[in-house]
Q: 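I have a structure here, written as structure tokens, and I will follow up with some questions on it.
In what follows, every chain begins at residue 1, and chains take the letters A, B, ... in the order their sequences are listed.
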Amino acid sequence: MPCHIFGLGFTRRAGCGLMADSTMSQVRVRFAPSPTGLFHIGSARTALFNWLYARHTGGTFVLRIEDTDTARNTPEALASLLDGMRWLGLDWDEGPEKGGDVGPYLQSERNPIYEEYLQKLTDAGRTYEQDGAVFFKLLGERKVVFDKYKNADIEKVFGEPVVIEDAIRGRVEKTVEQDFVLRRSSGDFGFHFTNVVDDIAMAITHVIRGEDHLSNTARHVELYNAFGQKPPVFAHIPLILKSDGKGKMSKRETGAYIEDYRTKHVLPEALRNFLCLMGWNPKDNSEVMPIEEIIERFGFDGIQKDGARFDEKKLAHINTEYLRALNLETFAWMAAPILTEAGLIDESVDEDYLQAVLGVSQEKARDLEGLPELVGFFFTEDFAIDANARERVFKKGDPAARLRELLPVLQGLSEWTAPAIESAIDSLAEAQSVKKFDYFPVTRLAVSGQGGGPDLLGTLEVLGQERVVARMEKFATTL
RNA sequence: GUCCCCAUCGUCUAGUCAGGUCUAGGACACUGGAUUUUCAUUCCAGCGACCGGGGUUCGAAUCCCCGUGGGGACGCCA
């Protein structure tokens, strides 16, 4: 069967098979980053939207590494990228480590393919060489004009505008005014060329990328036209803007890298959910929802046109919601390394005790990052008494007296459970004609050094009678 | 400077394509109140926006034009 997706009559490549008959309408999207730095939040969102669209349509998600800039690529950047993708749960169907029928998936290994395509352009008279580089020759009238931005005379081409069919923005017309480089004098191929060639060779049907590429797209359509190829559906998604000030979220912005969120122990599912909401929404006020539901509902018509400012407070909120929703086993599994890292526990920790601590603490935790601070007193006798908390506690009533009254009661308690402790305090309060409330703050301060924290009765139960009594006695000596 | 995209609460957004149901809805943040052992949680309430000006229309957040504002691109980077 002739391969008709290559208009210029290429020999059949592996990719052609994918386009045969019944799978003709199969969606194929790609994420095509260049490994030149840490995995950026904006890139991650682009990857996410491609992934969502592929999963939504049952299509294929291709990961292609655009590493043609040999001077800037690093193996670390590639590792950061693949790691970040995995961390966010964005699995690719074809690409590095995975293979596929239209590989290789590293542009640095695709030179023969580029040579072949370049030859077609040359045969069609659409290229020329200048200063050792190969340029794409636009069609149209040429004039040398003064360019104010570049402050120089340049040759401009006045040709027909190109039409971009954008799934989000509609029909966009733009004229490409200058020839551009296909192959650099170094011998490396340029971005516009490799990007388009690969999208053709990999049978990409939808190009979902940041709006910053919209003006490049005109050049790309010129190439598609020159190749006699029908351009894919473009979908230019809005940029993520920095949370304050001007401009898009760029390098060196706080929170610009996926790595930042990993070190802060943000839950990947929470970050992913938040990122879904940056420029897309399901139109019915739903926000926090399982990824399966987002996949189900994702589509171009829910995508916003203007840039979205990054709001870390909303991310924090969504992260808290995910954290609270975790079952105890998962919560414990995630918490253990963080507590270990903070030096609070080691391998010798009693698993049941750890579970009990986390059980009473989970509903108070806002994030995993702050967990060591929240539960530190469970694991050491060497905790500080918070000065502000102490001041507040001693501001009203006679907490010292309450502590001295409660101490013997707790000491003599035969059943050490939260309900038993509570009823003991109830009886004591009644006998002393004070409110039960009066016993709590000072007790919390004595056993934890804090003014707030996990449920007090639960905390006492988990801590155990011996330690509670000892801590109260120790605290009493400071009064 | 040129070209392209965009324009609803402080922020993310619904509503705009098919004009009336919008005294513009939700969420985050903020403020107040209730509950509570807690500067936690939960609940309730409040605050708070259609960028401006023209036009079309009985009627415009919604359509058109012009301003203005924001974003992006203008590399032998991707």
Q: Pick the nucleotide of RNA chain B nearest each of Ser215(A) and Glu173(A); which residue has the one closer to the 5' end?
A: Glu173(A)
Q: Quickly work out the Asn281(A) CG to G25(B) C1' distance and round it to whole Å.
A: 12 Å
Q: For nucleotides C12(B) and G72(B), find the distance between their P atoms and express it as a whole number of Å.
A: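 Here C12(B) and G72(B) have their P atoms 14 Å from each other.
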Q: Considering only heavy atoms and no angle criterion, is a donor-acceptor pair shorter than 3.5 Å present between the side chain of Ser186(A) and the base of C76(B)?
A: no
Q: Examine distances only and state if a side-chain atom of Arg169(A) and a backbone atom of His236(A) form a donor-acceptor pair shorter than 3.5 Å.
A: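 Looks like yes, one N/O pair under 3.5 Å.
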Q: Closest approach to the side chain of Arg324(A), judged atom by atom: which nucleotide of A40(B), C76(B), G26(B) is it?
A: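 Looking only at heavy atoms from C-beta outward on Arg324(A), the closest nucleotide is A40(B).
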Q: Please measure how far the P atom in G33(B) lies from the corresponding atom in U38(B), and state the result in whole Å.
A: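 Roughly 15 Å separates the two P atoms.
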Q: Contact class for Arg183(A) (heavy atom, under 4.0 Å): base, sugar-phosphate, or nothing?
A: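 Since no nucleic acid heavy atom lies under 4.0 Å of Arg183(A), the category is nothing.
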Q: Provide the distance between the two P atoms, one in C4(B) and one in C66(B), to the nearest whole Å.
A: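 Going atom to atom, P in each nucleotide, I get 12 Å.
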Q: Establish whether the base of G25(B) is bridged to the side chain of Asn285(A) by a donor-acceptor pair shorter than 3.5 Å.
A: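 Yes, a donor-acceptor pair under 3.5 Å.
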Q: Scan Phe437(A) against the nucleic acid and name what it touches under 4.0 Å (heavy atoms): base, sugar-phosphate only, or nothing.
A: sugar-phosphate
Q: What is the distance, to the nearest angstrom, from the CD atom on Glu321(A) to the P atom on U42(B)?
A: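 In whole Å, U42(B) P and Glu321(A) CD are 8 Å from each other.
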Q: Just checking, any donor-acceptor pair under 3.5 angstrom between side chains of Arg209(A) and Asn195(A)?
A: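 Per modelled atom types, Arg209(A) and Asn195(A) side chains form a pair under 3.5 Å.
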Q: Thr36(A) and Ala77(A): which non-hydrogen atoms are nearest, and at how many Å?
A: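 The answer is N-CB, 3.7 Å.
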Q: In whole Å, I'd like the distance from the CD atom of Gln304(A) to the C1' atom of U16(B).
A: 11 Å
Q: When we call it a touch if two heavy atoms are under 4.0 Å apart, what does Gln130(A) touch: a base, just sugar-phosphate, or nothing?
A: base
Q: Take the angle between the ring planes of Phe394(A) and Phe475(A) and call it parallel below 30°, perpendicular above 60°, tilted in between.
A: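 Ring orientation of Phe394(A) relative to Phe475(A): tilted.
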Q: Tell me what Arg309(A) touches on the nucleic acid: a base, only sugar-phosphate, or nothing, going by heavy atoms under 4.0 Å.
A: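 Sugar-phosphate, backbone atoms only, no base.
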Q: Rounded to the nearest Å, what distance is computed from the CG atom of residue Leu277(A) to the C1' atom of nucleotide U13(B)?
A: 9 Å
Q: Give the nucleotide from the list C5(B), A40(B), C77(B) with an atom nearest to the side chain of Lys364(A).
A: A40(B)
Q: Heavy atoms only, 4.0 Å cut-off, all strands: where does Ala308(A) land among base, sugar-phosphate and nothing?
A: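 Counting heavy atoms under 4.0 Å across all strands, the contact made by Ala308(A) is with sugar-phosphate only.
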Q: Under 4.0 angstrom, heavy atoms only, what part of the nucleic acid is Gly210(A) near: base, sugar-phosphate, or nothing?
A: nothing
Q: The side chain of Asp306(A) is closest to which nucleotide in this list: A7(B), G72(B), A29(B)?
A: A7(B)
Q: Verify whether one side chain among Thr122(A) and Thr127(A) offers a donor that lies under 3.5 Å from an acceptor in the other.
A: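 Distance-only check passes for Thr122(A) and Thr127(A).
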Q: U16(B), OP1 or OP2 - any side-chain N/O from Lys283(A) closer than 4.0 Å?
A: no
Q: Of the options G1(B), U11(B), C76(B), whose atoms approach the side-chain atoms of Asp311(A) most closely?
A: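 Of the options given, the side chain of Asp311(A) lies nearest U11(B).
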Q: Watson-Crick or G-U wobble partner for A73(B), using a 3.5 Å limit on both distances?
A: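 Checking every strand shown, A73(B) finds its partner in U2(B), with both distances under 3.5 Å.
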Q: Rounded to whole angstrom, note down the P distance from A29(B) over to U21(B).
A: 31 Å
Q: According to the Watson-Crick and G-U wobble definitions, with both distances under 3.5 Å, which nucleotide is paired to U31(B)?
A: A45(B)
Q: Rounded to whole angstroms, how far apart are CZ on Phe234(A) and P on C5(B)?
A: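 Value for this atom pair: 15 Å.
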Q: Round to a whole Å and report the spacing from NZ of Lys313(A) to C1' of A29(B).
A: 6 Å
Q: Regarding Arg169(A), tell me which of base, sugar-phosphate or nothing describes its non-hydrogen contacts under 4.0 Å with the strands shown.
A: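 Sugar-phosphate contact only - Arg169(A) comes under 4.0 Å of backbone atoms but never of a base.
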Q: What is the distance, to the nearest angstrom, from the NZ atom on Lys150(A) to the P atom on C76(B)?
A: 8 Å
Q: Is there side-chain contact between Arg297(A) and Pro282(A), with heavy atoms separated by less than 4.5 Å?
A: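 Side chain of Arg297(A) against side chain of Pro282(A), heavy atoms only: contact under 4.5 Å found.
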Q: Suppose you measure atom P in G52(B) against the same atom in A34(B); what distance do you get, rounded to whole Å?
A: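 Nearest-Å result for G52(B) against A34(B) at atom P: 39 Å.
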Q: Applying the Watson-Crick and G-U wobble criteria at under 3.5 Å, what pairs with C58(B)? Answer none if nothing qualifies.
A: G20(B)
Q: So for Asn195(A) and A78(B), does any side-chain atom that can act as donor or acceptor lie under 3.5 Å from a complementary atom in the base?
A: no
Q: Is it the case that the base of A27(B) and the side chain of Lys314(A) share a donor-acceptor contact (distance under 3.5 Å, atom types as modelled)?
A: yes
Q: Would you say C5(B) has OP1 or OP2 under 4.0 Å from some side-chain N or O of Lys174(A)?
A: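 For C5(B), neither OP1 nor OP2 has a side-chain N or O of Lys174(A) closer than 4.0 Å.
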Q: If C51(B) has a Watson-Crick or G-U wobble mate with both distances under 3.5 Å, name it; if not, just say none.
A: G67(B)
Q: Using the P atoms only, state how far G25(B) lies from G48(B), rounded to an integer number of Å.
A: 12 Å
Q: With heavy atoms under 4.0 Å as the rule, sort Asn216(A) into base, sugar-phosphate or nothing.
A: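 It contacts base atoms.
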Q: How would you label the contact of His236(A) with the nucleic acid (heavy atoms, under 4.0 Å): base, sugar-phosphate, or nothing?
A: nothing
Q: Do Phe49(A) and Phe298(A) have their ring centres less than 6.0 Å from each other?
A: yes
Q: When rounded to the nearest Å, what value does the distance between C1' atoms of A61(B) and C51(B) take?
A: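 The answer is 12 Å between these two C1' atoms.
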Q: Can you tell me if Tyr149(A) is stacked onto the base of C74(B), using a 5.5 Å centroid cut-off and an angle below 30°?
A: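 A stacking contact exists, since Tyr149(A) sits close and nearly parallel to the base ring of C74(B).
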Q: Is Lys305(A) touching bases, backbone alone, or none of the nucleic acid, heavy atoms closer than 4.0 Å?
A: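 Sugar-phosphate, backbone atoms only, no base.
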Q: Looking at side-chain heavy atoms only, is the closest gap between Phe310(A) and Lys242(A) below 4.5 Å?
A: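 When only atoms from C-beta onward are counted, Lys242(A) and Phe310(A) do not touch, as no gap falls below 4.5 Å.
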Q: Between Phe135(A) and Asp301(A), which is nearer to the 5' end of RNA chain B once each is assigned its nearest nucleotide?
A: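 This one resolves to Asp301(A).
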Q: Side chains of Asn111(A) and Glu109(A): do they bring a donor and an acceptor to under 3.5 Å?
A: no
Q: For a quick check of understanding: with a heavy-atom distance under 4.0 Å over all strands, which category does Leu456(A) fall into, base, sugar-phosphate or nothing?
A: base
Q: Quick one: do the Thr330(A) and Asn327(A) side chains pair a donor with an acceptor below 3.5 Å?
A: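 Yes, because at least one side-chain N or O of Thr330(A) sits under 3.5 Å from a partner of the opposite role on Asn327(A).
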Q: Suppose you measure atom P in C47(B) against the same atom in U42(B); what distance do you get, rounded to whole Å?
A: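 Result for the P pair: 22 Å, nearest Å.
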Q: Under 4.0 Å between any heavy atoms, over every strand shown, what does Gly279(A) touch: base, sugar-phosphate, or nothing? Just pick one.
A: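 The answer is sugar-phosphate, as Gly279(A) gets under 4.0 Å only of primed atoms, P, OP1 or OP2.
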Q: Give the nucleotide from the list G71(B), A40(B), A78(B) with an atom nearest to the side chain of Arg366(A).
A: A40(B)
Q: Side-chain N or O of Thr68(A) versus OP1/OP2 of A78(B): is the shortest distance under 4.0 Å?
A: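 Yes, Thr68(A) has a side-chain N/O under 4.0 Å of OP1/OP2 on A78(B).
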Q: Just how far, in rounded Å, is P of G71(B) from CG of Leu241(A)?
A: 7 Å
Q: So which nucleotide does C9(B) pair with, by the Watson-Crick or G-U wobble rule with both distances under 3.5 Å?
A: none
Q: From A78(B), C76(B), C4(B), pick the nucleotide closest to the side chain of His192(A)?
A: A78(B)
Q: Scan Glu66(A) against the nucleic acid and name what it touches under 4.0 Å (heavy atoms): base, sugar-phosphate only, or nothing.
A: sugar-phosphate
Q: Choose from G72(B), C74(B), A78(B) the nucleotide whose nearest atom is closest to any side-chain atom of Gln178(A).
A: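 That would be C74(B).
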